[in-house]
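Okay, so here's the structure we're looking at.
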Amino acid sequence: MARPFDVTQVESKWQERWLTEGTYQVDNDDPRERFYALCMYPYPSGAAHQGHVRNYTFGDLLVRYQTMLGKAVLSPLGFDSFGLPAENAAIKAGSHPRIFTDERMKELKNSIHRLGAVYDWRREVFSHNPEYMKWAQTIFIEFYKNGLAYRANAPVNWCPGCATVLANEQVNADGTCDRSGDLVERKNLEQWFFKITDYAEELLNDIDTLEWPERVKTMQRNWIGRSEGVEFELALASNSSKGLRVFTTRPDTGFGVTYAVVAPEHPLLGELTTDDQRANVQALVERANAASELERTASSDAGAGLDKRGAFTGSYVINPFNNEQVPVYVADYVLGTYGTGAIMAVPAEDERDFAFAKVHGLPIVRTIETPADFEDGAYSGDGLHINSGFMDGMDVETAKKAAAKFLEEKASGLVKVNYRLRDWLVSRQRFWGCPIPIIYCDKCGMLPVPAEQLPVVAPDDVNMDKSGQSPLATHEGFRNTTCHNCGGPARREADTMDTFTDSSWYFLRFADPFSTGKPFDAEQVKKWMPVDQYIGGIEHAILHLLYARFYVKALVDVGIAPGLPREPFKRLFTQGMIRLDGSKMSKSKGNLIAPEKYYDRVGADGLRLFHLFVGPPADDVDWTEQTEDVIEGCARFIDRIVRLSQYDEVNFHDTFDDTDLAVKQAVHRTIVRVTSDLERWSYNTAVAALMELLNTVSKQARSDHGAHRETLDDSLNIMLKLLAPMAPHITAELWEQRLPGEKSVHLQSWPVADPALTVEETVVMVVQINGKVKSRVNVAPSVSEADAQSAALSDPETISALGGATPKRIVCVPPRLVNIII
RNA sequence: GCCCGGAUGGCGGAACGGCAGACGCGGAGGACUCAAAAUCCUCUACUUGAAAGGGUGUGUGGGUUCGAAUCCCACUCCGGGCACCA
């Protein structure tokens, strides 16, 4: 493809200039209105792929557009540089993850640079930078001191492939590891947790204040999983001073309780089990322990619940509603980690209880009248209560309140809210992460590492082989230390922090990486936060976006970020994925399309235009054979602009005439269109509008009649400004060629349309007969209803189409249409 | 099973109750050229018709409306999330 300019030369020239002239550096005391534009900082996996290109194209467009609007735009970038892939690659290559990571960072940075995306690199943050680690550890210690970080023995998700524990959020719905795909095992281990559950309510409520895609908000709401109910006591039949606490969201169905169930992990199970049932119970518990989390909690195609496995404990409890004895079972469909680990079972109104009751031959008592067409099974809808004593005749909502009151008085009942959200497990038994800054002293116990000893950095000569324990634990030099409190021997914590802790506050550090002696200066950060526009992939809908929200709230509360807004990301945009042959492009799948070949052929500008033009930014993109042609088409558009702005085959005339006015109007209407399209994330139509404008301008200028020189120049200059955020290199180059000595197109103000040029003098009004278009007439945009009607009825084509019929009714919507009903 | 999102020419998509298919890709024809590439111009939903013109058409079926791709109801298919959370 022969191009009218040297792409590589032009693009590298401008990339150098933006960098060396610090065009997009911005200071914290900048007096202009502020805008914080942020793309999720990447994991450095090597050269950029099309997903990165898409992400940074959108981000860069925003940075340049907001700058032209006159704002001080904060545009930082960094790297989420701790993580498993580097560690695994280093083990394989016999290298060190830092060497590996530094190389990948360099590659990625280079290919982002070649895209022409501009950042204030003075603010770069990367996780394995000791300075960043120091503050990450400081934050951990502050969380610890404020009771937000704690150590506990708990059943945790263990991934054998990654040889580490995982957070709940990193386990897929089918029980496999989000990263390696291995089946996750359940283990009891001492681990570190962050108390995200303290913030469950706030995290849930604040979702309403966010300008985020509904989809993401719904996913977070579901993940937090709030449910309101009553916790109360079922007294043991054998000893009424003791009770089994259960949680239910349906206290109104209490009269239908025909048994109770405890989880296999329930602390009271031993006591509840009678001697004659012990063998059965033992077998059930053993089977539940052996079963993977997958078998226990996941489901088959038949929906929730496999076979309802359980065993009778031999004990009975008293249902407080009717004082009847009901048997207590142990079953693995009840989870030890949710609610109280025990439930009251109401088979008539709960599907799972129903299935269990059927299998074990337990009675089913309906407490809600089922609708006439209801067949069989559990009925969970609304209806009037029956068989329910004082609740008979009440609807579900009313009965819930009555039952709660009853349980508060009679059964130590407590109205309670439970969340599906669990505390965030943050310790990892891996090497390439930020070490947890804690020591264990035999005399003084568990102590945070003092500030002056931070950061705790791992030594280089550690054996990282997967042995199931933390690599750092095997390094005696690291492990053994001295207690700063008593001077005696102590051991360091050998686990590292989840890398999601690093990505939970990097955006705060970006806003102020300059202050010394603290993670950041809250006063400085306050100038930029919250992020005005956050851009990233939908895959972070739960994990990163929930953790970061928690971090910011916690940082404010522990006093590291006083006065900061409690929500970090005001607006979020999630871009679509790029798919090749139906599956997501990713390094692990090995189906990447490198941008490099496009940089040489069509330029970063061509590739950027393609990503903007191919479809709505939020939609997925299918990379097909046609894609190559569309990319060529985008480069062709650039070439046409180059040729036109160099007056190639252009004719001129001397005086401004109607054809020039029409062009001028088209230009100003395009300003309106492009501006509104950029504001509403409709980049594909913004590019289309510019293509249309080029067609219009070029057609006139290259006709025999030609263009008025001054009008053409104005048109071209405005077009270059509108295109500048999308194709920054060529627009900067052409601007410089056309207007030498002027400041760069990127420092120009965004064009404003002249209202006098955007109004239409006449518009085409459609004339319909019975809703079908029969004719078109020209009318003034301000035409009255009466004039519109008479214009339609006197139109010859309409008269002939009517064929003498008398209109029954005429609908007038001036100036758009007249619809004649006959 | 529950909750979201989607379905428009050969293809990507446009149209925020008012001319369906902007813009681009592909395709056809033409100009330029010794020729090709590049570039430029014209046409391009389907169908019927020699043409003028007519008919049909936004996943399917209903509804609201003078008027529906757009709003409502039911369904089909595709994509995503959640899923024994009491």
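To find a chain, count down the sequence lines: A is the first, B the second, and so on, and within it residues start at 1.
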Does A:Tyr338 place a side-chain N or O at less than 4.0 Å from the phosphate oxygens OP1/OP2 of B:A86?
yes
For B:C3, take OP1 and OP2 only and decide whether either is under 4.0 Å from a side-chain N or O of A:Arg215.
no
Check every atom of B:A15, B:C23, B:A86 against the side chain of A:Thr248 and return the nucleotide holding the closest atom.
B:A86
Could you work out which one of B:U39, B:C82, B:A86 sits closest to the side chain of A:Arg643?
B:U39
From the set B:C82, B:C19, B:G24, return the single nucleotide nearest to any side-chain atom of A:Val773.
B:C19
Kindly say if A:Arg420 contacts the phosphate of B:A83, meaning a side-chain N or O under 4.0 Å from OP1 or OP2.
yes
So, do A:Tyr598 and A:Phe610 have ring centers that fall under 6.0 Å from each other?
no
Describe the nucleic acid contact of A:Arg673 in one word from base, sugar-phosphate, nothing, applying a heavy-atom distance below 4.0 Å.
nothing
Phosphate contact (B:C4 OP1 or OP2) by A:Asn222 side-chain N/O below 4.0 Å
no
Of B:G12, B:C84, B:A86, the nucleotide closest to the side chain of A:Asp332 is B:C84
Considering only side-chain heavy atoms of A:Val766, which listed nucleotide, B:G80, B:A15, B:C19, is closest?
B:C19
Counting any heavy atom closer than 4.0 Å, what does A:Arg640 reach on the DNA or RNA strands: base, sugar-phosphate only, or nothing?
sugar-phosphate
Between B:A15, B:C23, B:U39, which nucleotide has the shortest distance from any of its atoms to the side chain of A:Thr685?
B:A15
Among B:A86, B:A14, B:G24, which nucleotide sits nearest the side chain of A:Phe613?
B:G24
Which atom of A:Val766 lies closest to which atom of A:Gln768, heavy atoms considered:
CG1-CG, 3.8 Å
Phosphate contact (B:U42 OP1 or OP2) by A:Lys699 side-chain N/O below 4.0 Å:
yes
Any luck finding a side-chain donor-acceptor pair between A:Ser227 and A:Asn418 under 3.5 Å?
no
Are any of A:Arg636's side-chain N or O atoms less than 4.0 Å away from OP1 or OP2 of B:C25?
yes
Could you go over nucleotides 9-11 of chain B and give all protein N or O partners under 3.5 Å, atom names and distances?
| residue | atom | partner | partner atom | Å |
| --- | --- | --- | --- | --- |
| B:C11 | O2' | A:Gln626 | NE2 | 3.2 |
| B:C11 | O2 | A:Gln626 | OE1 | 2.7 |

Would you say the ring centers of A:Phe356 and A:Tyr333 fall short of 6.0 Å from each other?
yes
Contact class for A:Gly633 vs. all strands (heavy atom < 4.0 Å): base, sugar-phosphate, or nothing?
sugar-phosphate
Look at the side-chain N and O atoms of A:Ser227 and state whether any lies under 4.0 Å from the OP1 or OP2 oxygen of B:A86.
yes
Which nucleotide wins on minimum distance to the side chain of A:Glu692, given the candidates B:A14, B:A86, B:A22?
B:A22
Only pairs with both distances under 3.5 Å count, Watson-Crick or wobble alike; so what is the partner of B:C71 in this structure?
B:G63
Run the numbers on A:Glu349 and A:Ser380 for side chain to side chain donor-acceptor pair (under 3.5 Å), then give the verdict.
CA-CA 5 Å; A:Glu349 277 91 31; A:Ser380 55; over 6 Å; no
Which one, B:G81, B:C84, B:G24, comes nearest to the side chain of A:Ile542?
B:G81
For a quick check of understanding: with a heavy-atom distance under 4.0 Å over all strands, which category does A:Asp619 fall into, base, sugar-phosphate or nothing?
nothing
In B:G10, glycosidic geometry as syn within 90° of 0 or anti otherwise
anti
Check this for me: A:Arg422, atom CZ, are more than 12 non-hydrogen atoms of other residues, nucleotides or ligands nearer than 6.0 Å?
yes
Protein-nucleic acid N or O pairs under 3.5 Å, nucleotides 66-69 of chain B:
| residue | atom | partner | partner atom | Å |
| --- | --- | --- | --- | --- |
| B:C66 | OP1 | A:Arg809 | NH1 | 3.1 |
| B:C66 | O4' | A:Arg809 | NH1 | 3.4 |
| B:C66 | O2' | A:Asn819 | ND2 | 3.3 |
| B:C66 | O2 | A:Asn819 | ND2 | 2.7 |

I'd like to know whether the aromatic ring centres of A:Trp424 and A:Tyr547 sit less than 6.0 Å apart in this structure.
yes
From B:G13, B:C40, B:A15, nucleotide with atom closest to A:Arg680 side chain
B:A15
With the threshold set at 4.0 Å, does a side-chain nitrogen-carboxylate oxygen contact exist between A:Arg601 and A:Glu632?
yes
